[in-house]
Q: 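Below you'll find the structure I mean.
In what follows, chains carry the letters A, B, and so on, assigned in the order in which the sequence lines appear, proteins first and then strands, with residues in each chain numbered from 1. It should be emphasised that the depicted structure is a prediction, and the values quoted were computed from it without experimental measurement.
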Amino acid sequence: MRDQPNSVDLLEWYDHHARVMPWRVGPAERAAGIAPDPYRVWLSEIMLQQTTVAAVKDYFLRFTTRWPTVSALADAEDADVMAEWAGLGYYARARNLLKCARVVANEMQGKFPANYEDLLKLPGIGPYTAGAVSAIAFDRPSTVVDGNVERVMARLFDVHTPLPAAKPELTDFATRLTPTDRPGDYAQAVMDLGATICSPRNPACGICPWREPCKARDSGTAADLPKKTPKKPKPVRHGVVYVAKRVDGAFLLERRPDSGLLGGMLGWPGSPWQEGEIPPHSRPIRAEWKTLSGEARHTFTHFHLRLTIKTALVPMDRSPDTGFFVEKTAFSPSDLPTAMRKAFDLYSKS
DNA sequence: AAGGCGGGGTT
DNA sequence: AACCCAGCCTT
């Protein structure tokens, strides 16, 4: 009879192969009694939602340098936090990040709750993040189920049910494997295993600490798991944005509404975006508009976008119908979400 | 239960 | 150009 997967085997592997990351307290440090800072664990886990480690690194370092504590972040201006988050995507995370920081700073004396249920109540914290913060920051035996863990469980137990229907079953397997000894290291170990050895495409089964008990390795189906229900094709939407430069170098921008696409972010004023023809709309300021050749292309979660860019140079004394001028010294393209930054890049090269 | 919500990487 | 990855919230 084949052995069951064993958390001790995984932890032994993790002790030698843990990835080094700016927010992580490694196994040796933890064994020496060094506890992680819950603020840094929480911030990193919010940033890591749907986002790779490589993309998060620089953002994490900038955020923690500028706002070293949850109270410092709670006192920040909304616009500063949104600008610092620009380019990382899923901007509701940044709005919820601030909401959460203010609850923790103002109602919890700057201390994050340690248990899963209380963490789950906070804005932007769902089942995954509640488990991750509870396990990693407070060494509680919470079960952590992210995409890596789903993949590892699907392979270990050869689950062929497609996601997301398989989620409860995979969570159940993950729960039964979670140890009470070193739960924080274990949570990071399963995710590291999924990110390195048990990777989506070419799993390195030959060097996997769980190769013996892995049912999918047994049956040769590892690389085909987990199954996923097919996704819908993305339609193409079209729109116009207006890049107005005042003669002193200031640019005309608008603050997008908090709800919806790119919510709370700066952007160029423009038309709505839709399939087919560009809908009727009004220009943000009276000027002689010229249309640039070419389009800025960007793909969102559920559609492709093609933006036509119109530009104008406007005199000092003219006031906009929409938006506000941002002084030359205060404007930075890196404050814009990527779609808007691409539009600016096209304008810059014209 | 289903769909909205980014961006980067790989093929 | 098409495909892959993937957690929280709202509806």
Q: It should be established whether A:His302 places a side-chain nitrogen or oxygen under 4.0 Å from OP1 or OP2 of nucleotide B:dC5.
A: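 For B:dC5, OP1 or OP2 has a side-chain N or O of A:His302 closer than 4.0 Å.
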
Q: Can you tell me if A:Lys231 touches the phosphate of C:dC4, counting only side-chain N or O atoms and a distance under 4.0 Å to OP1 or OP2?
A: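 Answer is yes, contact under 4.0 Å.
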
Q: Side-chain contact, heavy-atom cut-off 4.5 Å: A:Pro284 with A:Glu254?
A: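 They are not in side-chain contact.
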
Q: If you assign each of A:Lys99 and A:Leu48 to its closest nucleotide in DNA chain C, which residue comes earlier from the 5' end?
A: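 With A:Lys99 and A:Leu48 compared, the 5'-side residue is A:Leu48.
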
Q: Is A:Thr338 close enough to B:dG7 that one of its side-chain N or O atoms is under 4.0 Å from OP1 or OP2 there?
A: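 Answer yes for this pair, as a side-chain N or O of A:Thr338 is under 4.0 Å from OP1 or OP2.
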
Q: If you measure from the P atom in B:dG9 to the same atom in C:dC8, how many Å do you get, rounded?
A: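 One P to the other, the span is 23 Å.
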
Q: Can you confirm whether the side chains of A:Lys290 and A:Thr311 place a donor and an acceptor under 3.5 Å from each other?
A: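 No - no donor-acceptor pair under 3.5 Å links their side chains.
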
Q: Is the Lys NZ or Arg CZ of A:Arg62 less than 6.0 Å from the centre of A:Tyr59's six-membered ring, within 45° of the axis?
A: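 Yes, A:Arg62 sits over the ring of A:Tyr59.
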
Q: Using a heavy-atom cut-off of 4.0 Å across all strands, would you classify A:Gln50 as base, sugar-phosphate, or nothing?
A: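 Result for A:Gln50 = base.
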
Q: Under a 3.5 Å cutoff, is there a donor and acceptor pairing between the side chains of A:Thr69 and A:Ser71?
A: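 The answer is no; no qualifying pair exists.
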
Q: Nearest whole Å is fine: how far is C:dC9 C1' from A:Arg95 CZ?
A: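 Computing the A:Arg95:CZ to C:dC9:C1' distance gives 10 Å.
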
Q: A:His298 side chain N/O closer than 4.0 Å to the phosphate oxygens (OP1, OP2) of B:dG6?
A: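 The answer is no; no side-chain N or O of A:His298 sits under 4.0 Å from OP1 or OP2.
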
Q: Between atom NZ in A:Lys342 and atom P in B:dG6, what is the gap in whole Å?
A: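 Rounded to whole Å, this separation is 13 Å.
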
Q: Whole angstrom is fine here: how far is it from CG in A:Leu120 over to C1' in C:dC9?
A: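 One finds 12 Å between C1' of C:dC9 and CG of A:Leu120, rounded.
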
Q: Could you give the distance separating C:dC9 and B:dG8 at their P atoms, to the nearest angstrom?
A: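 Each nucleotide's P atom is 23 Å from the other's.
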
Q: Taking only the P atom of each, what is the distance from C:dT11 to B:dG6 in whole angstrom?
A: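 One P to the other, the span is 15 Å.
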
Q: Atom NZ of A:Lys121 to atom P of C:dC9: distance rounded to whole Å?
A: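 Answer to the nearest Å: 15 Å.
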
Q: For atom C1', what is the distance between B:dC5 and C:dC5, given to the nearest Å?
A: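 The same atom, C1', in both gives a distance of 15 Å.
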
Q: For the ring pair A:Phe344 and A:Phe251, is the centre-to-centre distance below 6.0 Å?
A: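 Centroid separation for A:Phe344 and A:Phe251: below 6.0 Å.
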
Q: How close or far is atom P of B:dG6 from atom NE2 of A:His304, stated in whole angstroms?
A: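 To the nearest whole Å, that distance equals 16 Å.
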
Q: C:dA2 C1' sits how many Å from A:Arg201 CZ, rounded?
A: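 Roughly 11 Å, once rounded to whole Å.
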
Q: Under 3.5 Å, is there a donor on one side chain and an acceptor on the other for A:Ser134 and A:Asn115?
A: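 A:Asn115 and A:Ser134 do not have a side-chain donor-acceptor pair below 3.5 Å.
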
Q: Report the residue (A:Gly126 or A:Thr52) whose heavy-atom-nearest nucleotide on DNA chain C is the more 5′ of the two.
A: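 Closest to the 5' end, via its nearest nucleotide, is A:Thr52.
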
Q: Strictly below 4.0 Å: does A:Tyr91 bring a side-chain N or O up to OP1 or OP2 of B:dG7?
A: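 For A:Tyr91, the contact criterion (side-chain N or O under 4.0 Å from OP1 or OP2 of B:dG7) is met.
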
Q: When all nucleic acid strands are considered with a 4.0 Å heavy-atom cut-off, which category describes A:Thr51: base, sugar-phosphate, or nothing?
A: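 A:Thr51: base contact, heavy atoms under 4.0 Å.
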
Q: Whole angstroms only, please: what is the NZ-P distance between A:Lys234 and C:dC4?
A: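 The answer, rounded to whole Å, is 10 Å.
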
Q: Rounded to whole angstrom units, what separation is found between the CZ atom of A:Arg297 and the P atom of B:dG6?
A: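 Distance check: A:Arg297 CZ to B:dG6 P gives 21 Å.
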
Q: Quick one: label A:Leu262 by what it contacts on the DNA or RNA (base, sugar-phosphate, nothing), any heavy atom closer than 4.0 Å.
A: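 Sugar-phosphate contact only - A:Leu262 comes under 4.0 Å of backbone atoms but never of a base.
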
